[in-house]
Trainee: 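Quick one: structure below, then a few questions.
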2 protein chains.
Amino acid sequence: MFSTPASHRRLAAVGTDLPPGTAPDGSRGQILSESLRLFAEQGYGAASIRDIASRVGIKGASLYSHYPSKAHVLAELVRIGHEEHFRRMRDALLAAQPDVQVQLAAVVRAHVCAHAEYPMLAVVSNSELHALPEEFATPLLAIRRQSETLMLDVIQRGVNLGVFKVPDIQLAMTAIGAMGLRVAHWYTPDSGKTPEQIADTYALFAARLLGVTA
Amino acid sequence: MFSTPASHRRLAAVGTDLPPGTAPDGSRGQILSESLRLFAEQGYGAASIRDIASRVGIKGASLYSHYPSKAHVLAELVRIGHEEHFRRMRDALLAAQPDVQVQLAAVVRAHVCAHAEYPMLAVVSNSELHALPEEFATPLLAIRRQSETLMLDVIQRGVNLGVFKVPDIQLAMTAIGAMGLRVAHWYTPDSGKTPEQIADTYALFAARLLGVTA
DNA sequence: GTCTATAATATGATAGAC
DNA sequence: GTCTATCATATTATAGAC
């Protein structure tokens, strides 16, 4: 039970950025953006339709012209978050073939950068999925599994090649994954560290954790 | 945005255990225990006084004979969680003097075991502090800082002794801390791994991460 | 210490005018 | 696409009987 941010805020960052091209135009996009802020800072359950609408500058009832329910807004945000995260990891891996150490660094870097560059989206995607009805959650969990498998496959390949040595690859994956997840909570652009610097250090940590000594 | 548990539940575990001696007798203890379950599974905001009371077998109004408000119940749970976590880390460190590698293993093991043995308490302590008013949160954040400092001091001492080598001790601390935090979300007693086995592996990971090659 | 009853307010969502 | 008005229900918390 510790650690960062030092305040009792849920995350340190303040930006509500969404990945380029993912936010719709007009009120629909504003609803997404303001919902992101409120869901990240207060949690889905504590953020009301009226809260969201008032920040957009409309009334609660008007929100229903854009989304059929509050759950649909959350589902859309979590979908964007999961897809962006998976896309980045996959693209990084494809560009890094074939050295397994380079592959590991690429996926860890992509994982960390996604969480540092879109901290609110990451917090909502990681911490609010439980609030969705099962039919909304199922396809999102499928994306999650893809991302997990991607990292697990790199670790397994490294072990098979004799480059990595770990007592348990599942535990290695959860450990490396967790390091990156948590970045979304404490990262802030004015910390003096860029996402890339953090990603580099965490990629080193991941390699060491897997037994790479060079 | 990934990782375990595979379901859309917030955590895999089902037990609502509190550390021995921390749960009051009678209704007061039951309120704490049922609140723990509901806050962990649904989040503080989504769990109602009526939900809690009905699980205890009383009416909502009767809860106010035991706690002055819902926030007081949460504050009590988070206090128990933070104190137990700090106490375990401190005791482990005191028993492990003076080899810095042994110290590191001790604090990491204590950190991981606390999160595996009391997963609901850990999830609530780590994920719901933002729901508390600032006057409730301040003393809890102080405990958090103590736990952080404890681990940071071990890392710093290892670096000073030339046993550990890292580009940034703060990043090392957040990485090691995050590994343990996340255990509370995916750990379940019927996974075939004991908290001790996970703790041993994570202690190895932590040492490697800090540049220990032996 | 628990109950019933209730206050005061907030919630997600809908109907229908413009 | 936004509004006002409203429905139906849920919320935290209190008052006062037993």
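In what follows, every chain begins at residue 1, and chains take the letters A, B, ... in the order their sequences are listed.
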Trainee: Within this structure, what is the CD-to-P distance between B:Q30 and C:dG1, rounded to whole angstrom?
Mentor: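 Going from CD in B:Q30 over to P in C:dG1 covers 13 Å.
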Trainee: If you draw the axis of the six-membered ring of A:Y67, does the NZ or CZ of A:R28 fall within 45° of it and under 6.0 Å from the ring centre?
Mentor: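 Yes; both conditions hold, so A:R28 lies above the ring face of A:Y67.
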Trainee: In whole Å, I'd like the distance from the OH atom of B:Y67 to the P atom of C:dG1.
Mentor: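 From B:Y67 OH to C:dG1 P: 12 Å.
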Trainee: Quick one: A:L63 CG to D:dC3 C1', roughly how many Å, whole number?
Mentor: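 Rounded to whole Å, this separation is 14 Å.
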Trainee: Check step by step if side-chain contact (heavy atoms from CB on, under 4.5 Å) holds for B:H111 and B:L181.
Mentor: CA-CA 8 Å; B:H111 178 57; B:L181 288 186; 4.3 Å; yes
Trainee: State which residues pass ring pair (Phe, Tyr, Trp, His ring centres under 6.0 Å) with B:F136; sequence neighbours excluded, sorted by chain then number.
Mentor: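 Checked B:F136 against ring pair (Phe, Tyr, Trp, His ring centres under 6.0 Å); matches are B:H72.
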Trainee: Does B:S27 put a side-chain nitrogen or oxygen below 4.0 Å from OP1 or OP2 of C:dT2?
Mentor: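 The answer is yes; a side-chain N or O of B:S27 sits under 4.0 Å from OP1 or OP2.
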Trainee: Does the pair B:E41/B:R55 count as a salt bridge with the N-to-O cut at 4.0 Å?
Mentor: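 A salt bridge is absent here (no side-chain N lies under 4.0 Å from a carboxylate O).
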Trainee: Round to the nearest Å and state the distance from A:I31 atom CD1 to D:dT2 atom C1'.
Mentor: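 It works out to 11 Å between those atoms.
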Trainee: Output the rounded distance in Å from CG (A:D51) to C1' (C:dA10).
Mentor: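 To the nearest whole Å, that distance equals 10 Å.
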Trainee: Please confirm whether the shortest side-chain N or O distance from A:S62 to OP1 or OP2 of D:dC3 is below 4.0 Å.
Mentor: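 A:S62 to D:dC3 OP1/OP2: side-chain N or O found under 4.0 Å.
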Trainee: Rounding to an integer number of Å, can you tell me how far A:I52 CD1 sits from C:dT11 P?
Mentor: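 Computing the A:I52:CD1 to C:dT11:P distance gives 10 Å.
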Trainee: Is there a salt bridge (charged side-chain N to carboxylate O under 4.0 Å, His left out) between B:E84 and B:R88? Walk through the geometry before answering.
Mentor: CA-CA 6 Å; B:E84 176 72 11; B:R88 282 177 171 235; 2.9 Å; yes
Trainee: Rounded to the Å, how far apart are A:Q42 CD and C:dA10 C1'?
Mentor: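 Going from A:Q42 (CD) to C:dA10 (C1'), I get 14 Å.
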Trainee: Can you give one letter per nucleotide of nucleotides 12-18 of chain C, going 5' to 3': B for a protein heavy atom under 4.0 Å from the base, S for sugar-phosphate only, - for none?
Mentor: BBBB---
Trainee: Do we see a donor-acceptor contact under 3.5 Å between the side chains of A:Y202 and B:T174?
Mentor: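 Yes, a side-chain donor-acceptor pair sits under 3.5 Å.
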